[in-house]
Amino acid sequence: MPSLKSLRVRINSVKSTQKITKAMKMVAASKLRRAQEAAEAARPYAERMASIMASLSAAQTGSDTAPKLMIGTGKDQVHLLIVATAERGLCGAFNSSIVKLARRKVEELTAAGKTVKILCVGKKGRDQLRRDHASKIIDTVDLSKAKRVGFAEAQEIADRALAMFEAGEFDVAHVFYNNFKSVISQVPTVQQIIPAMVAGGDTAVAGPDLNGAIYEFEPDEETILDQLLPRNLSMQIYRALLENAASEQGARMSAMDNATRNAGEMIKKLTTVYNRSRQAQITKELIEIISGAEAV
Amino acid sequence: MAADSVRFELVSPEKLLLAVDAEMVVVPGEAGDFGVLPGHSPLISTIRNGVIEVTVNGAVTERIFVAGGFAEVANDKLTVLAEEATPVSKLDRAKVEAALKDAREDFEDAKDDHAKARANARVEKYTAMLEAAA
């Protein structure tokens, strides 16, 4: 039986932990709102870009001169995996679920005899992947300095991937992130970004109905595609980062909510034990006094 | 079916910057400026660094500097996708000049072709910005 004092100390320490988790939950909730707003704000651009892509690729089909970013290098020997995770922990299974998905893909690809390169975004993913795939990690992008993910960060990652692609360092690129469904549900997702996936998937949007008219292109389709594809890449990475940011806060919010509830239960249990042993001690003391008085 | 106005939307990756109905919008296209009036034929064009002018009721109401991007015209609707857009009235000459100087120095210091190209793009952007601010 623990002493009354040690019980009191424990109750107090659980109480202060609960205060911290409660505060973290509130902070995550307000950050989540902001992250959701940012994701919402990025939607018009993504939609319009998808519609331009759709109009362009409709005009491009059948052409062999389409840029490599769109049709690929014709090989799929070297794969680049961009794994986006959080910079911080304490957010439930958020990081490990992405890493789990990435790991499965790595195993699948290596089993098929492909070469895998990993570009980590965020510290947590790197820490987990380093355990068994250290040799495959080529670099880590640190986002801890950026307070909010902006387009500039996404562009930097895209620039890097593009430079590598042009240098022929990989053939296919995938990005891993958590898709934000709701506060309690984030779905780890993998998306192919190079070669660009135009048709299929929920991102495919049909171009506007032109009543039979045909687009004019200035200067010409290829020049536009050449400029559009790298931007489309940055945009998709940006979208992945935004989804990830929202998911991270959502995951943290529900993790902290659970922690707060668990702390509450623990306090209740400890208080019961504390009260019981206090009463037991009083009873014991009473018995001692009474039996002492009777003996006299 | 020509309406009497063009729906103009300016979007950046971070948000929808502007959405207005305009009489005419002049866009700095890669192959030269072009004005978009109601009934314009469908067009997709790249944009160079320059100023977009929005005309409402016979007067220019908005002048916005954009650093590259895309314009799409379809069904009396003009959509401009730009990564960077600043109203001309908010451009600060001194700041732009400093940024231009900075970019020029970077260009001088650039070691490889990639860095050089990037610095050059910045020099071009700020030069255009300075012209717009004048």
Side-chain angles (χ1 to χ4, degrees), chain A residues 37-56 59 148-156 158-160 162-163 166-167 207-228 230-232 234-239 241-242, chain B residues 1-3 7-19 27-36 39-50 66-85 111-119 121-122 125:
Chain A
E37 272 165 15
E40 201 76 26
R43 209 156 285 160
Y45 190 89
E47 272 167 16
R48 308 259 153 54
M49 188 161 253
S51 104
I52 294 187
M53 283 283 285
S55 323
L56 266 172
R148 284 180 46 204
V149 268
F151 190 67
E153 281 84 28
Q155 203 158 25
E156 210 170 285
D159 278 351
R160 217 132 135 195
L162 276 177
E166 271 156 27
D209 184 17
L210 300 178
N211 304 317
I214 307 166
Y215 272 107
E216 279 172 50
F217 295 100
E218 236 182 73
D220 56 66
E221 286 103 316
E222 270 160 47
T223 320
I224 297 177
L225 260 183
D226 269 351
Q227 290 199 22
L228 185 64
R231 290 217 166 111
N232 188 44
S234 326
M235 191 58 212
Q236 283 188 336
I237 293 177
Y238 182 53
R239 211 179 67 104
L241 290 183
L242 286 178
Chain B
M1 59 150 235
R7 180 84 187 155
F8 170 57
E9 284 182 359
L10 178 63
V11 246
S12 83
E14 269 145 25
K15 61 178 193 245
L16 180 68
L17 290 169
L18 185 68
V27 182
E30 188 84 53
D33 290 9
F34 59 90
V36 179
H40 197 287
S41 64
L43 168 83
I44 294 178
S45 172
T46 47
I47 298 176
R48 65 185 156 77
N49 299 329
V66 285
F70 300 91
E72 183 193 26
V73 187
N75 303 335
D76 288 331
K77 200 171 152 207
L78 167 67
T79 312
V80 173
L81 304 181
E83 261 123 67
E84 255 192 86
K111 288 185 183 66
D112 54 298
D113 285 351
H114 189 63
K116 213 159 211 157
R118 282 185 75 154
R122 273 173 58 210
K125 185 176 98 186

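In the text below, chain A, chain B and the rest are named by the order of the sequence lines, each starting its count at 1. The shown structure was predicted, so the numbers you read here are calculated from the model rather than taken from an experiment.
Both the backbone and the side chain of A:Leu228 come within less than 4.5 Å of a heavy atom of chain B. Looking at B:Ala19, neither its backbone nor its side chain comes within 4.5 Å of chain A, counting heavy atoms on both sides. Heavy-atom distances place the side chain of B:Glu30, and not its backbone, under 4.5 Å from chain A. Interface residue A:Gln155: only side-chain heavy atoms are found under 4.5 Å from chain B. The contact between B:Thr46 and chain A is made by backbone and side chain atoms together, counting heavy-atom distances below 4.5 Å. Residue contact with chain B, scored on non-hydrogen atoms closer than 4.5 Å, involves the backbone and the side chain of A:Phe151 alike.
Between the side chain of A:Glu153 and the backbone N or O of A:Gly150 there is at least one donor-acceptor pair closer than 3.5 Å.
Within the 4.5 Å cutoff, the side chain of B:Arg48 has heavy atoms near those of the B:Asp33 side chain.
None of B:Lys15, B:Glu14, B:Glu83 except one satisfies the side chain to side chain contact (heavy atoms under 4.5 Å, CB included) rule with A:Tyr45; the exception is B:Glu83.
Among the candidates A:Arg43, A:Gln227, A:Met49, A:Glu40, the residue making the largest number of heavy-atom pairs closer than 4.5 Å to chain B is A:Gln227. Annotation: maximal heavy-atom pairing with chain A below 4.5 Å, among B:Gly29, B:Ala71, B:Ser12, B:Ser41, occurs at B:Ser12. The most heavy-atom pairs under 4.5 Å with chain B, out of A:Ser234, A:Ala46, A:Ala163, A:Ala42, come from A:Ala42.
Partners of A:Glu216 according to the salt bridge (Lys or Arg N to Asp or Glu O under 4.0 Å) rule, which considers only residues two or more places apart in sequence or in another chain, do not exist here. Residues that satisfy the salt bridge (Lys or Arg N to Asp or Glu O under 4.0 Å) test with A:Asp159, not counting sequence neighbours, are B:Arg118.
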*Decide side-chain contact (heavy atoms from CB on, under 4.5 Å) for A:Arg48 and B:Phe70; before the verdict, give the C-alpha distance in whole Å, the side-chain angles of both, and the deciding distance to 0.1 Å.*
CA-CA 10 Å; A:Arg48 308 259 153 54; B:Phe70 300 91; over 6 Å; no
*Would you check, one step at a time, whether the test side chain to side chain donor-acceptor pair (under 3.5 Å) holds for A:Asp226 with A:Thr223?*
CA-CA 5 Å; A:Asp226 269 351; A:Thr223 320; over 6 Å; no
